[in-house]
Peer 1: 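For reference, the structure I am asking about is given below.
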There are 2 protein chains.
Amino acid sequence: MQTMADECACEVLEVVPLVMRAIRSEMRSHRTPELSVPQFRALAFLGRHEGASLSDVAEHVGLTPPSMSKMVEGLVVRDLVVRQVSPSDRRRVTLTLTARGKSILESAHQGTVAHLTEKLAALSPEERATIVQAMQALRRAFASAKEANTGIVR
Amino acid sequence: MQTMADECACEVLEVVPLVMRAIRSEMRSHRTPELSVPQFRALAFLGRHEGASLSDVAEHVGLTPPSMSKMVEGLVVRDLVVRQVSPSDRRRVTLTLTARGKSILESAHQGTVAHLTEKLAALSPEERATIVQAMQALRRAFASAKEANTGIVR
DNA sequence: TATTGTTATACTCTATAACTATA
DNA sequence: TATAGTTATAGAGTATAACAATA
């Protein structure tokens with residue numbers, strides 16, 4: 001069903017940047033502590049993977065190690081993340097959220113979800129259910145092989 | 001159904017950045033003529049609205065006029081866009097795609113759709129149909145009142 | 001005076017290349 | 001030699017403020 005896959009791709013290409021723009025602008029607004037989307041994603045990853053290394057986070061967020069090193073430096077200065085040398089392999093660093101980091105991650109998440117929820121309230125319950133299903137499918141299609149190894153064939 | 005709207009927002013917040021990353025990386029790859037996502041969106045808008053002013057494009061893409069002015073300067077230098085003073089109101093500029101601009105817009109669109117299609121091929125036809133429906137709903141929820149039609153003409 | 005666009009300036013984000021420390 | 005991370009440097013991309021031209 002090649003036509004359908006193409007149509008689907010076109011729709012995704014048109015709509016995803018639109019939604020992304022809303023997410024970014026909310027994330028950077030002053031209603032919520034100011035975080036860029038990659039910063040938010042890095043904090044969220046650390047929330048789920050306590051003690052991850054710099055490379056782990058870089059790979060998940062999709063940045064090069066130097067860029068991530070710089071981002072982490074900023075997060076450490078802002079007291080959102082603790083960076084420690086790993087005892088077992090002194091080349092590695094171990095990253096964890098501070099209490100403040102956890103709290104700010106949570107606020108940013110809440111604020112953004114609230115804003116999206118407001119927009120989604122214009123839709124019907126059935127449409128929202130469809131969106132949930134679609135997001136789950138897209139997650140399987142686009143998740144990196146490492147983090148969520150589902151049925152992605154090559 | 002507040003819970004559902006919240007769940008829906010959470011899913012969107014997790015998955016949309018993931019898909020966006022794939023779109024961006026394809027857009028900037030060398031398979032397709034290198035364009036940033038905002039550049040692509042500006043060209044696509046000009047494809048649909050020939051002779052639009054700088055402010056029109058800035059508003060659609062979501063940039064300030066100075067930023068758009070700079071972007072347009074780059075597109076003019078790359079021979080993708082023509083910038084002319086409007087005869088009726090000499091403060092305005094009239095922007096149009098060059099033949100090269102049209103062709104590069106089309107290549108970028110094709111290349112990105114092909115890449116997305118490849119990823120979506122891992123899903124079932126039913127799942128793709130669900131995604132199409134979800135995208136249509138999201139478009140309604142997030143499109144600016146002014147320009148509901150964000151599509152590319154194919 | 002108000003509007004349209006540009007210039008000047010500064011800051012964030014990202015990359016590549018070269019380096020340090022450790023294994 | 002290979003790996004993990006950092007530093008140095010450069011280039012987009014974006015914003016705000018100030019300006020010029022036109023209405």
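Lettering of chains follows the sequences in order, A, B, ..., and the numbering in each one begins at 1. Below, all heavy atoms of this structure are taken into account, side chains as well, without hydrogens, waters or symmetry copies.
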Peer 1: In whole angstrom, give the distance that lies between atom CD of A/Glu34 and atom P of D/dA15.
Peer 2: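 About 12 Å, once rounded to whole Å.
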
Peer 1: From the options D/dA4, C/dG5, D/dA23, select the nucleotide whose nearest atom is closest to the side chain of A/Ser55.
Peer 2: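 That would be D/dA4.
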
Peer 1: Output the rounded distance in Å from CE (B/Met68) to P (D/dA12).
Peer 2: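 Computing the B/Met68:CE to D/dA12:P distance gives 17 Å.
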
Peer 1: For D/dT7 and A/Ser69 - does any side-chain N or O of the residue sit under 4.0 Å from the phosphate oxygens OP1/OP2?
Peer 2: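 Answer no for this pair, as no side-chain N or O of A/Ser69 is under 4.0 Å from OP1 or OP2.
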
Peer 1: State whether B/Arg28 places a side-chain N or O below 4.0 Å from either non-bridging phosphate oxygen (OP1 or OP2) of D/dG13.
Peer 2: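 Indeed, a polar side-chain atom of B/Arg28 lies that close.
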
Peer 1: Check this one for me: any side-chain N or O of A/Ser36 less than 4.0 Å away from OP1 or OP2 of C/dT12?
Peer 2: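 Indeed not, no polar side-chain atom of A/Ser36 lies that close.
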
Peer 1: Would you mind telling me which residue lines up with the more 5' stretch of DNA chain C, B/Val93 or A/Gly62, judged by nearest nucleotide?
Peer 2: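 First, find each residue's nearest nucleotide; the 5'-ward one identifies B/Val93.
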
Peer 1: When you match A/Pro87 and A/Leu35 each to their closest nucleotide on DNA chain C, which lands nearer the 5' end?
Peer 2: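 It is A/Leu35, whose closest nucleotide lies nearer the 5' terminus.
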
Peer 1: Taking only side-chain N and O atoms of B/Gln39, does any of them lie within less than 4.0 angstrom of OP1 or OP2 on D/dG13?
Peer 2: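 It does, given that an N or O in the side chain of B/Gln39 lies less than 4.0 Å from OP1 or OP2 of D/dG13.
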
Peer 1: Measure the distance from CG on A/Leu63 to P on D/dG5 and round it to the nearest whole Å.
Peer 2: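 Rounded to the whole Å, the gap is 14 Å.
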
Peer 1: Rounded to whole Å, please give me the gap between CZ in B/Arg90 and C1' in C/dG5.
Peer 2: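 That distance rounds to 13 Å.
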
Peer 1: Can you tell me if B/His109 uses its side chain to pair, donor with acceptor, with the backbone of B/Leu105 under 3.5 Å?
Peer 2: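 No; judged by distance alone, with no hydrogens or angles, the pair does not exist.
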
Peer 1: Please report the distance, rounded to the nearest Å, between CG in A/Leu75 and P in D/dT6.
Peer 2: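 Interatomic distance, CG of A/Leu75 to P of D/dT6: 12 Å.
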
Peer 1: From CD of A/Glu73 over to C1' of D/dA8, roughly how many Å is that when rounded to an integer?
Peer 2: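 Whole-Å distance recorded here is 15 Å.
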
Peer 1: To the nearest angstrom, how far is A/Arg41 atom CZ from C/dC13 atom P?
Peer 2: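 Rounded to whole Å, this separation is 15 Å.
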
Peer 1: Classify the side chain of B/Lys70 versus the base of C/dT7 as yes if they form a donor-acceptor pair under 3.5 Å and no if they do not.
Peer 2: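 Checked by distance alone, the answer is no.
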
Peer 1: Check whether any side-chain nitrogen or oxygen of B/Arg92 sits under 4.0 Å from OP1 or OP2 of D/dA23, and answer yes or no.
Peer 2: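 No.
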
Peer 1: After noting the C-alpha distance and the side-chain angles of B/Asp56 and B/Phe45, does the key distance pass the side-chain contact (heavy atoms from CB on, under 4.5 Å) rule?
Peer 2: CA-CA 9 Å; B/Asp56 294 339; B/Phe45 181 82; 4.1 Å; yes

Peer 1: Strictly below 4.0 Å: does B/Arg91 bring a side-chain N or O up to OP1 or OP2 of D/dT22?
Peer 2: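 B/Arg91 to D/dT22 OP1/OP2: no side-chain N or O under 4.0 Å.
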
Peer 1: Has the side chain of A/Thr64 got a donor or acceptor atom sitting under 3.5 Å from an opposite partner on the base of C/dA15?
Peer 2: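 For A/Thr64, whose side chain was compared with the base of C/dA15, there is no donor-acceptor pair (under 3.5 Å).
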
Peer 1: So, applying side chain to side chain contact (heavy atoms under 4.5 Å, CB included) with A/Val85, which one of A/Arg91, A/Arg92, A/Arg90 is it?
Peer 2: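 Filter result, single survivor: A/Arg90.
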
Peer 1: Please evaluate the base of C/dA15 for a donor-acceptor partner in the side chain of A/Ser67 within a cut-off of under 3.5 Å?
Peer 2: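 It does, because a donor-acceptor pair links the side chain of A/Ser67 to the base of C/dA15 below 3.5 Å.
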
Peer 1: Let's see if you can work this out: which of C/dT14, C/dT6, C/dT4 has an atom nearest to the side-chain heavy atoms of A/Pro38?
Peer 2: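 Looking only at heavy atoms from C-beta outward on A/Pro38, the closest nucleotide is C/dT14.
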
Peer 1: Scan B/Arg83 against the nucleic acid and name what it touches under 4.0 Å (heavy atoms): base, sugar-phosphate only, or nothing.
Peer 2: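 The answer is sugar-phosphate, as B/Arg83 gets under 4.0 Å only of primed atoms, P, OP1 or OP2.
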
Peer 1: Just do the side-chain contact (heavy atoms from CB on, under 4.5 Å) check on B/Gln39 and B/Met71 with the steps written out, would you?
Peer 2: CA-CA 7 Å; B/Gln39 285 167 347; B/Met71 182 202 284; 3.9 Å; yes

Peer 1: Reading DNA chain D from 5' onward, which residue's closest nucleotide shows up sooner: B/Pro66 or B/Met71?
Peer 2: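 Checking each residue's closest nucleotide, the 5'-ward one belongs to B/Met71.
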
Peer 1: Provide, to the nearest angstrom, the distance between the CZ atom belonging to A/Arg24 and the P atom belonging to C/dC13.
Peer 2: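 Rounded to whole Å, this separation is 11 Å.
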
Peer 1: In Å and rounded to the nearest 0.5 Å, what is the OG to CG distance from B/Ser86 to B/Leu54?
Peer 2: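 The distance works out to 13.0 Å.
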
Peer 1: Quick test of your reading of the model: are B/Glu11 and A/Arg139 salt-bridged, counting only N-O distances below 4.0 Å?
Peer 2: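 Result for this pair is yes, salt bridge flagged.
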
